Structures are given as structure tokens and as C-alpha cells.
Amino acid sequence: GTGEAIICTINNKIAGVAILKRDKTESKICTFLVVEKYRGKHIATKILEQAFKYLGTTTPLITMSENKAPMFKHIIKKYNWKLTKINYKKLYNINSRELIYNGKLTK
């Protein structure tokens with residue numbers, strides 16, 4: 001297929017997850033989450049490094065709700081991700097726009 005899931009566990013508990021898509025048209029992080037109690041412990045970096053290997057890039061397409069962007073500010077800066085579009089359709093949340101980094105959506 002065109003997808004992959006990365007699941008990070010600590011003591012048999014899920015600490016984080018990334019759902020990835022790689023095909024002819026895009027390399028995308030579809031879902032990315034580190035469980036709150038594991039944040040600040042470099043879990044995100046470890047998951048992202050594995051994601052980058054699968055996707056073949058350190059600048060994959062990723063979208064997020066504008067209200068979630070502050071949680072990702074260190075990752076965005078660390079990997080030099082570029083905001084390429086703001087979607088005003090408010091897909092994630094009626095109070096927040098969708099931010100698109102490192103490319104454009106194909107669908």
C-alpha cells in the first residue's frame with residue numbers, strides 16, 4: 001500500500017503515533033500525536049526521524065489546525081518546515097483555519 005503507521009510505546013503504553021502516506025504524488029504525515037504525559041521527552045523527534053526515513057524527506061506535506069500550530073512550533077522551526085497555504089474552509093474546527101506546510105494538497 002501507500003501508508004505506514006509508526007507507534008511508539010513505553011512500558012506497553014502508547015506514547016505517540018504517526019500515520020504516513022507515500023505515493024507518486026505526495027509524501028505526507030496524515031496524523032501525528034504524542035500523548036500529553038510523554039511530551040518534552042524527545043518522543044516526537046524519534047517518531048519523526050522514522051517517518052522521514054519512510055517518506056524519504058524531512059519536509060513532508062503536513063496539515064494542522066491553526067489552533068494546534070503552537071504545539072508544533074519547535075518542530076516546524078527545527079526542520080525548517082514552510083507554511084505554503086492557509087485553507088480558510090475550517091475543516092478541522094469551525095473556529096480555526098487549516099495550515100498546510102511543505103507543499104499543497106493533491107485531493
Side-chain angles (χ1 to χ4, degrees):
T2 61
E4 184 70 34
I6 298 170
I7 302 170
C8 174
T9 61
I10 297 175
N11 298 324
N12 294 318
K13 303 223 186 251
I14 294 176
V17 64
I19 308 296
L20 312 172
K21 177 185 174 190
R22 181 185 69 198
D23 64 18
K24 293 176 185 175
T25 61
E26 65 186 6
S27 292
K28 181 180 181 187
I29 297 175
C30 301
T31 301
F32 184 77
L33 170 75
V34 175
V35 175
E36 191 170 349
K37 76 179 195 174
Y38 296 109
R39 293 178 188 163
K41 300 180 187 308
H42 305 286
I43 302 298
T45 297
K46 291 177 183 180
I47 294 171
L48 285 172
E49 294 297 330
Q50 291 300 310
F52 296 157
K53 286 180 189 176
Y54 175 80
L55 295 171
T57 182
T58 59
T59 56
L61 179 65
I62 186 167
T63 66
M64 66 188 74
S65 174
E66 184 177 39
N67 65 337
K68 299 283 185 186
M71 292 174 29
F72 289 88
K73 69 181 178 184
H74 297 296
I75 291 169
I76 292 166
K77 183 177 179 178
K78 178 178 183 175
Y79 295 107
N80 199 29
W81 290 353
K82 303 292 183 202
L83 180 63
T84 51
K85 185 174 181 185
I86 298 173
N87 189 338
Y88 293 90
K89 293 182 183 177
K90 300 182 179 184
L91 299 174
Y92 292 108
N93 180 315
I94 61 168
N95 299 314
S96 186
R97 302 174 296 179
E98 177 185 31
L99 306 180
I100 303 164
Y101 289 86
N102 306 321
K104 61 181 180 175
L105 296 173
T106 59
K107 295 178 185 178

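We number each residue from 1, following the sequence as shown. Because the structure is a prediction, the values reported are computed rather than measured.
Placement of F52 and I43 within a single hydrophobic cluster is found when ILVMFWY residues are connected by side-chain heavy-atom separations under 4.5 Å, directly or transitively. Residues V17 and L48 do not share a hydrophobic cluster, defined by chaining ILVMFWY side chains whose heavy atoms lie under 4.5 Å apart.
No donor-acceptor pair closer than 3.5 Å links the side chain of N87 to the backbone N or O of E98. Remark: side-chain polar atoms of D23 are paired, donor with acceptor, to backbone N or O of T25 under 3.5 angstrom.
Minimum interatomic distance between A5 and I19 (heavy atoms only, all atoms of both residues): CB-CD1, 3.8 Å. Between I7 and I14, the shortest heavy-atom distance links the atoms CG2-CG1, 4.1 Å. Between P60 and N102, the closest heavy-atom pair is O-ND2, 2.8 Å. In plain terms, the two heavy atoms of L105 and K28 that are nearest each other are CD2-NZ, 3.9 Å.
Side-chain contact check for M64 versus F32: every heavy-atom pair is 4.5 Å or farther apart. With contacts defined as side-chain heavy-atom distances shorter than 4.5 Å, the pair I86/I100 does not qualify. You'll find the side chain of L33 reaches within 4.5 Å of the side chain of R39, heavy atoms only. Looking at K21 and C30, their side chains come closer than 4.5 Å, going by heavy atoms from C-beta outward. Looking at K85 and L99, their side chains never come closer than 4.5 Å, going by heavy atoms from C-beta outward. Between I29 and L55 there is a side-chain heavy-atom pair separated by less than 4.5 Å.
Atom CG of L20 sits about 10.0 Å away from atom CD of Q50, to the nearest 0.5 Å. A distance of 11.5 Å separates NZ of K13 from CD1 of I10, quoted to the nearest 0.5 Å.
Between R22 and E4 there is no salt bridge, since none of the side-chain N atoms of the basic residue sits less than 4.0 Å from a carboxylate O of the acidic one.
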Using residues 68-83 as the side-chain source, report each donor-acceptor pair under 3.5 Å to any protein atom, sequence neighbours left out, with the distance given to one decimal.
| unit_1 | atom_1 | unit_2 | atom_2 | d |
| --- | --- | --- | --- | --- |
| K78 | NZ | T45 | OG1 | 3.2 |
| Y79 | OH | E49 | OE2 | 2.9 |
| N80 | OD1 | K82 | NZ | 2.9 |
| W81 | NE1 | T58 | O | 2.8 |

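Looking only at atom types and distance, the side chain of S96 has a donor-acceptor partner in the side chain of S65 under 3.5 Å away.
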